[in-house]
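Please read the structure below before turning to the comments.
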Amino acid sequence: MSKTNFRADIVPILFLTVVVCISVIALAYVDSITYEKIETAKLEAFKEKLSVHFSDMTDFTSNDANDCYVVFTDNNTIGYAVKTIGSGYGGTIEMLVALEPTNLSSTDDLILRGLSVISHSETPGLGDKITQSFFLDQFQEVSFSGIELSKTGGDIDAISGATISSKAVINGIVSSIEDRFDSLVELVSSVEVS
Amino acid sequence: MVHILKNLKKGIINENPVFILLLGLCPTLAVSTSIDNAFGMTAAVMFVLISANIIVSLIRGVTPDRVRIPVFIVIIATLVTIVDLTMKAFIPELSKSLGIFIPLIVVNCIILGRAEAFASKNTLADSVADALGMGIGFGIAITIISFFRQLLGTGEITIFGTHVFSAPGLFDNPMSVFILPMGAFLVLGCLLATLRYMGAIESG
Amino acid sequence: MAEETVDQKRLVVSTSPHIHDKKNTKKVMYVVCLALLLPIIGGVYFFGIYTLLVVLVSVITAITTEFLAKRLRKREFIMDGSAIVTGMLFALVLPPRIPLWAVIIGAAFCIAIVKEAFGGLGHNIFNPALAGRAFITVSFAGLMTSWIAPVKSVISLDSITSATPLGEGFSYAGSTSDLYIDLLFGNVGGCIGETSALFILIGGLLLLATGVIKWRIPVVYIGTVFLLAWLIPGQDPVFHILAGGLFLGAFFMATDYVTCPMTAKGQFIFAFGAGVLVILIRVYGSMPEGVAFSILLMNAFTPLIDRHVKPKPYGYIPPEKKSRFPLKKKAKTTDVADKPDQDSSTDKKEGKK
Amino acid sequence: MDNLFSIFIMMALVNNFVLAKFLGLCPFFGVSKKLSSAVSMGIAVIVVMFAASVVSWLLFYQLLVPFGITYMRTAIFILVIASLVQILEITIRRTNVNLYNALGIYLPLITTNCAVLGVTFINVDQAFNLAETIVSALGAGVGFTLVLAIMSGIREKLDLADVPKAFKGIPVAFLVAMLLGIAFLAFGGMV
């Protein structure tokens, strides 16, 4: 009796355990090879996004939440960047706002250096025009208070036929920067101290 | 040898996983927005399919019946994670555009189905031939769909950055519906109907 | 062939009862064509002769596609006028300066995919003209969102870009009552046939007078939109019913026999749901106009509504469980026989509540 | 609260799993021939999605992240779903025979339903907290059930229609899915 029980019950479990162990070992091995690569690939991709706005950058540092950045050239601060999120037509629009290195007493002092879209899911042929330069270039050298549709007195012209996406970009920038302004200030001051 | 060729042909034509068995529809429709994606997905699926069939076929004698399915799932999940990590490390762009459909290969009915229905009962050579056939069949189907979607949706065909050709009228006014999800349903629905009308596949 | 005749026998039982007689269909379709002439004339008056070309191309494409589809299916082509109606309706919901090739693609899609692939007249699930319009909107978003101001000259080919009343960025210079009058006559930017509420209303009244449509769907549909717009702060109810394509949709599209529910109660639910959706889309959604999408969505719900208000609604536990989904022919005939009885009894029950 | 509501609408309508994300297509086309089975399948999916999302969320943040083994997530999540489905099947069979007869045959199909595994991935990728995870799972399930019910209603009607031979069955179902997808675009921006 006990023998059949062993065969019927224990062997399958042992077998499954062995398979799981092999699987874990194999994955741990693959992970050890690829981990560094994946991290550097992510970092490189992000650096490329930043260098669009800061062509002479050599390095950057970010805060813990990884949404505010200070950009350097040989230890000189040349600007800041903030990741912003807008809620568009088909989902969230993730953007990177590059800022001039102004003094940071309030959000009114901020001047945008440029804007790029990291990811979005807007409608092709319409909303996805937010990634085109004719729209994005409007965000160069604009003060924070000017980030508003020209219809309501701001500096940004909406894309015709895609007002929702245009508004989403603007609302995303404004609300995210207001949310993250304190952590940006904190990051900048910590960088200056060190 | 004849045997092996027969198994190969079966997957490509007689039992084409997408057109005939209607398996693995989710990745087929989701990532077929460009030919690049189709090739990337095919490569990933082929790797998992062939490795899974090899391993399952090798251990078919020793696998206890009661834990057969969990063992298969663990094997497939491991292989899928290997593909996922490797693609993330070496081809991050492609990996990003395929998104969660790479890890979702683990629930692709083609793979578990072939492991369970074929590899667990057949020899190594036959299992490899079966996996190759199914993989090529899947690849052909997804490439055809992505060809139509890319052509109609963007007006041009580019493969890994190389421009192949562009359709003059379409290029100025591409029908973006084909890049959107609905376009995938339309293309596959019309393809199936055309194949049936021509008598290539049986009407269901 | 034998199989097909069986199919056709089933059809008479299952789909709307209005279309089993060919002669009737024909007559109805030509009355609709007649009623549609007025909005078309309005379109030509406001946006120029080019719009007439759009209508003609659309109708010709629709008829040709229908003819080809019948040939492919080895069926007899019957000129029942339904393709003309679809072609006209499709043209009426297009922007005035749409390129003709887009009209051809759209009209062919309406007939080939939305109508014939589902089995032809009487079998389509979605309203062909609206589905075609939605398809073209998604395909060529840029073309479908460029509107022009009325030129009020038949021969003019001018096109001064302008926003539609419902679109973003529309500002009206005159007083509110002037706006209402312009909306009523159609002196605003918009689709070829949907701008003039008055012309559509006259066409709709013709349909009502000849008994082609019943009052229920248009009245409930427009009424729901009015009521909801009135309830939501900051919305102008009169503006909401006059602007956009609500009248055209309510009289000519939502009332389509094939794609709306069969029973009175079902039609009430259908029209109410469509009205709610219009307001949801216009006020909270990202599209300025919601009539086309609201009707398409309710078309999708029509089979479920029909089930629910039919004798054996889903959720009731019927005594004879096996005939809950009577797909076999024999089960069908009995189903029809006891339909009227049960229908009235459920109606009474609901009425008491 | 507002955020939770918009996650729900997003998952159920705007980014509907079947129509916009291509998740769960096999059951969508396989189990949409009859309304009764579609609703049963939908309910089973909602239950499994909910349970799987909660368990996988807990495992991910309590086990995988602390130990730095997030690469195990695919394997762990699929095993979670497979075992949950088993447990659910056994519990239902022992407690309620009627329910088992209604849902039982659909449960095994859910293991390989990519919608369930997909929602667990999305929850982790979007860095949702537990409340958001629950809402997103329910939204995805409700959205799936809704289109499954609509689809089955339409297909029952199409069964009686004179659909061309070449389109009969699956191809016409694809066309319905396309038109439904277009109609569902109306919900865009409603969050």
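Protein chains get the first letters and strands the later ones, always in sequence-line order, with residue 1 at the start of each.
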### Message
Is the distance from the ring center of D/F22 to that of B/F185 below 6.0 Å?
### Response
yes
### Task
Pull out the residues in residues 145-152 of chain B that come under 4.5 Å of chain D, heavy atom to heavy atom, sorted by number.
none
### Task
Ignoring hydrogens and angles, tell me if any N or O in the side chain of B/R196 forms a donor-acceptor pair with the backbone of D/K168 under 3.5 Å.
yes
### Query
Closest approach of D/C114 and B/V107, non-hydrogen atoms and distance?
CB-CG2, 3.4 Å
### Summary
Answer key: most heavy-atom pairs under 4.5 Å with chain D among B/G99, B/C190, B/P27, B/A193 is B/A193
### Query
What's the spacing between D/I170 CD1 and B/L188 CG if we round to 0.5 Å?
9.5 Å
### Query
For D/I81, is it the side chain, the backbone, both, or neither that has a heavy atom closer than 4.5 Å to a heavy atom of chain B?
neither
### Task
To the nearest 0.5 Å, tell me how far B/I100 CD1 sits from D/T120 OG1.
8.5 Å
### Summary
Ranking B/G189, B/C26, B/G24 by heavy-atom pairs under 4.5 Å to chain D gives rank one to B/C26
### Task
Measure B/L104 against the heavy atoms of chain D and call it side chain, backbone, both or neither at under 4.5 Å.
both
### Query
Are B/V177 and D/M178 side-chain neighbours, meaning at least one heavy-atom pair lies under 4.5 Å?
no
### Message
Quick check for you: to the nearest 0.5 Å, what is the distance between B/L29 atom CG and D/F174 atom CZ?
### Response
5.5 Å
### Message
Just verifying a value: how many Å separate B/L23 CG and D/L25 CG, rounded to the nearest 0.5 Å?
### Response
12.0 Å
### Query
At a heavy-atom separation under 4.5 Å, does D/F29 approach chain B through its side chain, its backbone, both, or neither?
side chain
#### Entry: Side chain, backbone, both or neither of D/F167 within contact of chain B (heavy atoms, under 4.5 Å)
both
